[in-house]
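Heads up, the thing below is written out as structure tokens.
As the structure is a prediction and not an experimental result, all values here were calculated from the model. Numbers restart at 1 for each chain; the letters A, B, ... are given by sequence-line order, proteins then strands.
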2 protein chains.
Amino acid sequence: MATIRDVAKLAGVSVATVSRVLNKNGYVNKDTEQKVAKAIEQLNYEPNAVARGLAGKQTGTIALILPDIANPFFPGIARGVEDVAQKHGFTVILCNSDDQGHKEKSYIEMLRKKYVDGIIFASNTLGQDDVEQMNKNNIPLVVLDRAPTSQSCSVIRSRNYKGAKLAVQHLLDIGCKKIAHLYGPQELITAKKRMLGYEESVLHFPWYTPSLMVPGHFKMDGGLAAVKELFAKHPDVDGIFCGNDLMAVGALKGLHQLGVRVPDDVALIGFDGISLTEITQPELSTIAQPNYDMGSLAAKVLIETIESGVKEAKLYELDVELIVRDSTKR
Amino acid sequence: MATIRDVAKLAGVSVATVSRVLNKNGYVNKDTEQKVAKAIEQLNYEPNAVARGLAGKQTGTIALILPDIANPFFPGIARGVEDVAQKHGFTVILCNSDDQGHKEKSYIEMLRKKYVDGIIFASNTLGQDDVEQMNKNNIPLVVLDRAPTSQSCSVIRSRNYKGAKLAVQHLLDIGCKKIAHLYGPQELITAKKRMLGYEESVLHFPWYTPSLMVPGHFKMDGGLAAVKELFAKHPDVDGIFCGNDLMAVGALKGLHQLGVRVPDDVALIGFDGISLTEITQPELSTIAQPNYDMGSLAAKVLIETIESGVKEAKLYELDVELIVRDSTKR
DNA sequence: ATGAAAGCGCTAACAC
DNA sequence: GTGTTAGCGCTTTCAT
């Protein structure tokens with residue numbers, strides 16, 4: 001492979017000049033620029049990204065840390081991130097943290113050593129100390145689905161509270177008389193907000209009681225188990241708002257096993273808008289999050305931060321959308 | 001951040017010695033090793049990966065190029081790749097090619113500039129010329145689901161032909177009297193082999209006719225459309241082997257719309273073993289590929305090649321498994 | 001067993 | 001406008 005020196009020699013100029021035309025900075029005569037361009041062309045020269053990285057401390061690489069790419073919630077985000085990264089000439093490193101703090105820390109360590117230009121966190125175990133650490137190391141980060149902190153980092157999330165209210169209102173609208181909620185891990189802000197939205201929507205109804213809220217851990221199995229637990233206590237429930245789609249799918253399975261018909265006996269709605277919801281029978285109503293958009297926005301914000309060098313700590317809230325399908329059609 | 005020079009100074013040795021203990025190569029006295037270790041500890045020194053990459057031409061990075069991480073077939077593979085990469089201290093760059101040759105080429109270009117140590121291709125548009133190009137550039141690669149070529153690169157795939165025969169045999173075993181096949185794009189070797197397996201299993205039956213094979217493009221919509229086309233011609237079909245699960249899900253939808261009961265009227269089996277198949281009602285029988293394992297094996301083979309420097313071009317065929325669920329239970 | 005020094009390929013002061 | 005040169009932080013001969 002040709003180096004910048006080869007180009008300089010062939011063009012009869014110095015490496016500095018070549019570097020200038022490469023990076024389009026500094027003054028350079030039109031004519032010499034032409035000569036350099038020709039030399040580059042002739043030698044089929046490609047700048048070496050690693051050398052660039054070492055010299056300039058910028059590698060054109062960002063990392064995406066998420067719990068598990070195999071969880072259907074994340075591929076859409078990943079795709080969004082990668083698309084805009086790619087468009088801006090950045091490359092994306094994928095990291096699966098399994099929501100384990102130590103894995104996350106070791107990734108961060110490794111990424112720092114590799115001079116990644118920035119990190120997107122879609123993981124839930126990122127500690128306050130980690131954020132500080134990154135800030136100290138001056139590496140920009142954007143986090144997904146977390147509360148804004150005092151630290152300087154931008155947050156992207158969707159309107160979970162509003163979405164929950166939308167979901168419950170929809171169930172009320174179609175005539176539900178007793179609505180339950182399957183909720184996720186309360187250390188996740190998303191799960192919390194959704195539960196809050198539910199609670200505040202139903203608190204004033206005479207039928208409301210806290211035992212209408214059952215934990216389902218954001219998982220399919222959890223949803224299945226939860227629905228059984230729920231019906232043992234409240235066989236008269238006629239509407240369920242699930243904190244995420246995975247639990248809704250599990251709930252659907254559970255209801256099926258119990259011989260409860262959806263939507264006739266019980267109307268069911270989830271949250272997230274993953275593609276699984278279009279596959280069940282009946283198809284599931286859901287509150288769709290702009291999954292892909294969250295990823296692409298995160299990348300956009302991060303890359304802007306990287307390229308401008310200005311660290312701002314904004315909060316971006318994306319809108320959610322009620323998608324009505326057969327599971328709530330009466 | 002401390003550099004190797006700082007460590008050398010503090011330990012009272014030369015940078016060469018520090019480098020030796022870092023890389024555990026060359027001779028170094030036990031005592032000096034201790035001193036160096038202590039200095040490293042004290043300074044909290046971490047070697048700079050970029051500088052290492054520039055000096056040594058090895059970056060500890062591999063790339064995974066696949067059509068689309070949002071396609072449910074790939075996250076499992078990606079997870080498998082990342083897990084073993086991580087275990088070996090490698091980092092994974094994710095690339096979505098959308099099966100477009102030009103995107104793939106531009107990724108390769110970029111990856112080469114970044115000194116990635118190797119590439120895993122799960123993409124279908126990789127040309128023979130690209131492989132040669134990589135070989136010339138001496139960058140190891142492992143490909144998934146492709147025919148072995150004359151070029152030196154290893155291939156990982158699962159037994160598609162055998163899986164197809166397994167599927168058809170299963171349909172025969174449960175008493176199907178007329179079996180159809182929805183097939184995928186014939187430029188994909190996986191689609192081809194599966195069709196071949198079907199054909200050779202049913203060719204000798206009097207009921208067999210080529211119009212029992214209908215294209216479904218490996219997509220959900222395609223499966224849905226295909227099943228309608230199929231039933232227009234062959235309303236007496238009582239078993240369908242779908243070339244992949246996505247089409248099977250679509251087919252299930254289509255059959256539902258046609259008022260055909262599964263499995264009572266028509267038994268349905270897919271191929272791939274993606275998680276969607278556990279979500280439908282009824283759950284879908286399928287031929288499961290060891291998705292995760294294909295990814296982890298690919299990474300293992302690639303990293304071995306990288307670390308040993310020995311390029312072998314082996315073919316690894318992984319076994320598939322018949323998973324019987326309600327869609328073929330009679 | 002250890003050190004000096006020449007790169008790896010590029011960027012960016014600084015000088016002209 | 002262009003060239004010289006000193007890094008970036010590490011690896012790796014080649015001496016000793």
Side-chain angles (χ1 to χ4, degrees), chain A residues 1-37 39-40 43-61 89 110 112-117 137-138 307 309, chain B residues 1-37 39-40 43-61 89 110 112-117 137-138 307 309:
Chain A
M1 279 292 87
T3 76
I4 196 174
R5 239 183 294 274
D6 300 330
V7 176
K9 198 177 301 173
L10 181 58
V13 300
S14 77
V15 294
T17 301
V18 178
S19 177
R20 282 189 196 100
V21 342
L22 246 36
N23 301 297
K24 311 192 192 309
N25 60 15
Y27 300 93
V28 39
N29 187 310
K30 273 281 171 226
D31 282 358
T32 47
E33 182 171 343
Q34 287 304 319
K35 278 194 298 184
V36 171
I40 289 179
L43 293 172
N44 221 295
Y45 167 76
E46 297 281 0
N48 177 319
V50 179
R52 268 191 163 161
L54 181 57
K57 310 256 171 266
Q58 295 246 329
T59 54
T61 306
M110 157 136 286
R112 204 171 45 73
K113 287 195 242 177
K114 291 204 173 176
Y115 282 175
V116 296
D117 298 336
N137 280 292
N138 208 38
E307 297 191 329
Chain B
M1 278 291 88
T3 76
I4 197 174
R5 240 183 293 276
D6 300 329
V7 175
K9 199 176 300 174
L10 181 58
V13 300
S14 76
V15 294
T17 301
V18 178
S19 176
R20 284 188 195 102
V21 341
L22 245 36
N23 301 295
K24 309 189 194 310
N25 60 15
Y27 300 94
V28 42
N29 188 309
K30 273 279 171 228
D31 282 358
T32 46
E33 181 171 344
Q34 288 302 321
K35 279 194 297 187
V36 171
I40 289 178
L43 293 172
N44 223 296
Y45 167 75
E46 298 279 2
N48 176 318
V50 179
R52 267 191 163 162
L54 181 57
K57 311 252 170 267
Q58 297 247 326
T59 54
T61 306
M110 157 134 286
R112 202 169 48 72
K113 286 195 242 175
K114 291 206 175 177
Y115 282 177
V116 296
D117 298 336
N137 280 292
N138 208 38
E307 297 193 328

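- In this structure, the CG atom of A:Leu43 is 15 Å from the C1' atom of C:dG9, given to the nearest Å.
- Here the P atom of nucleotide C:dC10 and the OH atom of A:Tyr115 are 17 Å apart, to the nearest Å.
- When the side-chain hydrogen bond (donor to acceptor under 3.5 Å, both in side chains) test is applied to B:Lys35, no partner is found at least two apart in sequence or on another chain.
- Residues that satisfy the side-chain hydrogen bond (donor to acceptor under 3.5 Å, both in side chains) test with B:Tyr115, not counting sequence neighbours, are A:Asn48, B:Lys57.
- Checked against side chain to side chain contact (heavy atoms under 4.5 Å, CB included), A:Glu46 has the following partners two or more places apart in sequence or in another chain: B:Glu109, B:Arg112, B:Lys113.
- Of the two residues near DNA chain C, B:Arg20 and B:Lys57, the one whose nearest nucleotide lies more 5' is B:Arg20.
- The closest donor-acceptor contact from the side chain of A:Asp117 to the backbone of A:Gln58 lies at 3.5 Å or more, if one exists at all.
- Looking at heavy-atom distances under 4.0 Å, B:Thr3 makes contact with sugar-phosphate atoms alone, never a base.
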Please report, to 0.1 Å, the donor-acceptor pairs under 3.5 Å made by any side chain of residues 1-11 of chain B, with sequence neighbours excluded.
| residue | atom | partner | partner atom | Å |
| --- | --- | --- | --- | --- |
| B:Thr3 | OG1 | B:Arg5 | N | 3.1 |
| B:Thr3 | OG1 | B:Asp6 | N | 3.4 |
| B:Asp6 | OD2 | B:Thr3 | N | 2.8 |

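- B:Thr59 and A:Lys114 share no donor-acceptor pair across their side chains, judged by distance under 3.5 Å alone.
- Close approach of DNA chain D to chain A, defined as any atom under 4.0 Å from a non-hydrogen atom of the protein, starts and stops at D:dG1 to D:dG9.
- If you check residues 8-18 of chain B against DNA chain D, the residues with a heavy atom closer than 4.0 Å are B:Ala16, listed by number.
- Residues from residues 22-35 of chain A lying near DNA chain D, meaning a heavy-atom separation below 4.0 Å, are A:Tyr27, A:Val28, A:Asn29, A:Thr32 in numerical order.
- Look at CG on A:Asn48: it is 14 Å from C1' on C:dG7, rounded to the nearest Å.
- If you measure from atom CZ of B:Arg112 to atom P of C:dG9, you get 13 Å, rounded to the nearest angstrom.
- Taking the C1' atoms of five terminal pairs at each end of the helix from C:dA1-D:dT16 to C:dC16-D:dG1, the two resulting helix axes are inclined by 40°, rounded to 10°.
- Per the geometry, CZ belonging to B:Arg5 stands 14 Å off C1' belonging to C:dG3, to the nearest Å.
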Cut-off 3.5 Å, no hydrogens considered: what does the side-chain donor-acceptor table look like for residues 20-28 of chain B, sequence neighbours left out?
| residue | atom | partner | partner atom | Å |
| --- | --- | --- | --- | --- |
| B:Asn23 | OD1 | B:Arg52 | NH2 | 3.2 |
| B:Asn23 | ND2 | B:Ser19 | O | 2.8 |
| B:Asn23 | ND2 | B:Ser19 | OG | 3.3 |

